[in-house]
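Please read all numbers here as calculations on a predicted model, not as lab measurements.
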Amino acid sequence: MSDEVAAPAALSQYRDIDRADWARLAAGMTQPLAETEIVQLRGIGDRLDIDEVREVYLPLSRLLSLYAKSTKRLGEATSAFLQEEDTTTPFVVAVAGSVAVGKSTIARLLRELMSRWADTPRVELVTTDGFLYSNAELERRGLMDRKGFPESYDRRALIEFLTEVKSGAPEARAPFYSHMRYDIVPDAHVVVRRPDVVIVEGLNVLQPAATPNDVAVSDLFDFSVFVDADVEHIQKWYVDRFLALRKGSFSNPHSYFNVFAHLTDDEAETTAMGYWNDINMPNLVENVMPTKHRATLVLRKGADHSVERVSLRKL
């Protein structure tokens with residue numbers, strides 16, 4: 001008889017769920033979006049279709065709605081215990097991940113899906129692009145070539161905005177960013193007035209605090225989603241998107257990137273790879289990927305942009 005003791009099974013703080021098992025959770029749920037609505041929500045390069053919405057994002061939206069409902073009930077119970085008026089604040093969801101991984105599409109989709117559930121009818125979306133320093137300020141700080149890196153954001157302003165949201169302020173204002181201008185629009189704002197849910201989408205929203213005494217942006221989230229994929233897949237999506245934009249919005253004479261509109265395919269691909277290798281891949285590897293373990297839920301995408309696995313943090 002052997003004296004060897006079997007090694008314990010590897011422990012994880014996440015439930016790892018494959019696509020088929022996750023999709024089964026959608027049984028009995030009504031798909032509220034028409035295919036035309038999905039097309040309007042889909043970003044350039046994303047291959048989002050009605051099956052992906054039904055099998056992946058509909059169950060996710062229901063889970064988020066349940067989390068929001070449970071958090072609200074806990075807030076109400078706490079207020080009752082303290083014998084004070086209910087001061088429950090909006091449920092804040094973060095959507096994080098690399099450039100070109102599809103997080104903006106997912107954030108827009110979750111806003112639409114969550115608003116269809118009875119428990120969360122009022123959902124607002126804010127992107128952290130609005131908290132980038134203006135191009136003039138980035139130039140002054142010598143950070144124009146590091147736009148999207150953590151130091152290119154006005155972290156204090158973002159934390160102040162989220163603090164207002166989570167403190168129950170009647171109104172909170174976020175700056176507005178124009179992708180056409182590639183800059184902050186002066187005196188333009190996204191206004192949030194105590195909705196049920198606020199979705200915050202951005203590259204570096206799960207970054208830890210800069211120092212032990214600082215507040216991390218992620219401290220103000222109730223739930224966070226990280227959109228994950230292999231680096232080589234994201235690189236391809238980035239280049240493909242750049243080539244598509246060259247024929248689309250870059251052709252607008254008012255676009256900041258209009259200078260790229262007349263590049264040949266080879267020139268455009270070389271330019272895109274330059275931006276990828278010099279800016280986006282270093283930011284992904286150094287700053288974005290290391291925050292994946294901080295997320296409540298991870299969506300793992302395959303080469304075709306479809307979600308293959310879901311990892312959900314255990315309670």
Mind listing the side-chain donor-acceptor pairs of residues 72-79 below 3.5 Å, one per line with the distance, residues two or more places apart or on another chain?
| residue | atom | partner | partner atom | Å |
| --- | --- | --- | --- | --- |
| T78 | OG1 | L74 | O | 2.8 |
| S79 | OG | G75 | O | 3.1 |

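- Applying the salt bridge (Lys or Arg N to Asp or Glu O under 4.0 Å) test to pairs two or more places apart or on separate chains, those with a residue in residues 293-313 are D16-R309, D228-R300, D230-R300.
- Between T120 and S65, the closest side-chain pair of non-hydrogen atoms falls below 4.5 Å.
- Here the OG-CG distance, from S98 to L284, works out to 4.5 Å after rounding to the nearest 0.5 Å.
- Residue pairs satisfying the ring-ring contact (aromatic ring centres under 6.0 Å, His included) criterion with at least one member in residues 120-173, sequence neighbours excluded, are listed as follows: F131-F161.
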Just do the side chain to side chain contact (heavy atoms under 4.5 Å, CB included) check on R19 and V310 with the steps written out, would you?
CA-CA 7 Å; R19 167 66 177 258; V310 176; over 6 Å; no
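- Put simply, L315 and L297 are part of the same group of oily side chains (I, L, V, M, F, W, Y) that touch within less than 4.5 Å, one to the next.
- Side-chain N or O atoms of H305 include none that pairs as donor or acceptor with a backbone N or O of G302 at under 3.5 Å.
- In this view, H233 satisfies the ring pair (Phe, Tyr, Trp, His ring centres under 6.0 Å) rule with no residue, not counting sequence neighbours.
- Taken from CG in L58 to CG in L63, the straight-line distance is 11.5 Å, to the nearest 0.5 Å.
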Side chain to side chain contact (heavy atoms under 4.5 Å, CB included) evaluation trace for N277 with M273
CA-CA 6 Å; N277 289 325; M273 283 302 300; 3.6 Å; yes
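- The distance from the CZ atom of R241 to the CD1 atom of I234 is 11.0 Å, given to the nearest 0.5 Å.
- T296 has its side chain out of reach of V225: every pair of non-hydrogen atoms, C-beta onward, lies at least 4.5 Å apart.
- Residue pairs meeting the ring-ring contact (aromatic ring centres under 6.0 Å, His included) criterion with at least one member in residues 95-120: none, sequence neighbours excluded.
- Closest heavy-atom contact between E171 and V191: CG-CG1, 3.4 Å.
- For the atom pair OG of S115 and CG of L125, the computed distance is 11.5 Å after rounding to the nearest 0.5 Å.
- From D219, atom CG reaches atom CG of L162 across 10.5 Å, with rounding to the nearest 0.5 Å.
- Although no hydrogens or angles enter the test, the distance criterion places no donor-acceptor pair under 3.5 Å between the side chain of S167 and the main chain of A169.
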Trace of the salt bridge (charged side-chain N to carboxylate O under 4.0 Å, His left out) decision for E137 with R141
CA-CA 6 Å; E137 181 63 17; R141 294 177 179 230; 2.6 Å; yes
Yes or no on side chain to side chain contact (heavy atoms under 4.5 Å, CB included) for S152 and R146, after CA distance, side-chain angles and deciding distance?
CA-CA 7 Å; S152 66; R146 291 180 67 80; 5.6 Å; no
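- Of the charged side-chain nitrogens involved, none lies within less than 4.0 Å of a carboxylate oxygen, so that E232 and K236 do not count as a salt-bridged pair.
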Taking it one step at a time, do I159 and R156 satisfy side chain to side chain contact (heavy atoms under 4.5 Å, CB included)?
CA-CA 5 Å; I159 287 176; R156 177 178 295 180; 5.9 Å; no
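- Heavy atoms of other residues, nucleotides or ligands lying less than 6.0 angstrom from CD of E85 number 12 at most.
- Listed by first then second residue, pairs satisfying salt bridge (Lys or Arg N to Asp or Glu O under 4.0 Å) with a partner in residues 179-192 number zero, not counting sequence neighbours.
- E112 has its side chain out of reach of S61: every pair of non-hydrogen atoms, C-beta onward, lies at least 4.5 Å apart.
- Residues V198 and V93 form no side-chain contact, since every pair of their non-hydrogen atoms from C-beta on lies 4.5 Å or further apart.
- P121 and D196 get closest at one heavy-atom pair: CD-OD2, 3.1 Å.
- Both L312 and L64 are members of a single hydrophobic cluster when ILVMFWY side chains are connected at heavy-atom separations under 4.5 Å.
- The CH2 atom of W237 lies 9.0 Å from the CZ atom of R47; values are rounded to the nearest 0.5 Å.
- The closest side-chain heavy-atom distance from N204 to N283 is below 4.5 Å.
- Cluster annotation: L48 is not connected to V39 through the hydrophobic network of ILVMFWY side chains, with a link wherever side-chain heavy atoms come within less than 4.5 Å.
- Taking each heavy atom of E55 and W22 in turn, the nearest pair found is O-CD1, 3.2 Å.
- Between E124 and I199 the shortest side-chain heavy-atom distance does not fall below 4.5 Å.
- Cluster partners of F81, using a side-chain heavy-atom cutoff of under 4.5 Å among ILVMFWY residues and allowing indirect links, are L82.
- Side-chain contact annotation: T88 with D86, donor-acceptor N/O pair under 3.5 Å present.
- Considering all non-hydrogen atoms of both residues, G168 and T89 come closest at N-CG2, 3.4 Å.
- Applying the ring-ring contact (aromatic ring centres under 6.0 Å, His included) test to residues at least two apart or on different chains, none of the pairs has a partner in residues 183-206.
- Between A295 and S224, the shortest heavy-atom contact is CA-OG, 3.2 Å.
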Show me the donor-acceptor pairs within less than 3.5 Å that the side chains of residues 28-37 make with the rest of the protein, sequence neighbours left out.
| residue | atom | partner | partner atom | Å |
| --- | --- | --- | --- | --- |
| Q31 | OE1 | L33 | N | 2.9 |
| E37 | OE1 | A34 | N | 2.7 |
| E37 | OE2 | R116 | NH2 | 3.4 |

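- Listed by first then second residue, pairs satisfying salt bridge (Lys or Arg N to Asp or Glu O under 4.0 Å) with a partner in residues 272-290 number zero, not counting sequence neighbours.
- Looking only at side-chain heavy atoms (C-beta outward), D222 and K166 come within less than 4.5 Å of each other.
- Side-chain N/O atoms of S255 and N258 include no donor and acceptor closer than 3.5 Å.
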Given R62 and D119, is the salt bridge (charged side-chain N to carboxylate O under 4.0 Å, His left out) satisfied, shown in steps?
CA-CA 10 Å; R62 184 55 182 150; D119 300 318; 3.6 Å; yes
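- The nearest pair of heavy atoms linking V190 to P175 is CG2-O, 4.5 Å.
- For K147, the salt bridge (Lys or Arg N to Asp or Glu O under 4.0 Å) criterion is met by no residue, not counting sequence neighbours.
- When F176, Y177, Y182 are each tested for a ring-ring contact (aromatic ring centres under 6.0 Å, His included) with H179, only one passes: Y177.
- Residues V197 and L66 are members of separate hydrophobic clusters, defined by side-chain heavy-atom contacts under 4.5 angstrom among Ile, Leu, Val, Met, Phe, Trp and Tyr.
- Between Y275 and Y238, the ring center distance fails the sub-6.0 Å criterion.
- With hydrophobic clusters built from ILVMFWY side chains whose heavy atoms lie under 4.5 angstrom apart, M114 shares a cluster with I50.
- Residues in residues 38-80 take part in these ring-ring contact (aromatic ring centres under 6.0 Å, His included) pairs, two or more places apart or across chains: Y67-F223.
- T128 has its side chain out of reach of L203: every pair of non-hydrogen atoms, C-beta onward, lies at least 4.5 Å apart.
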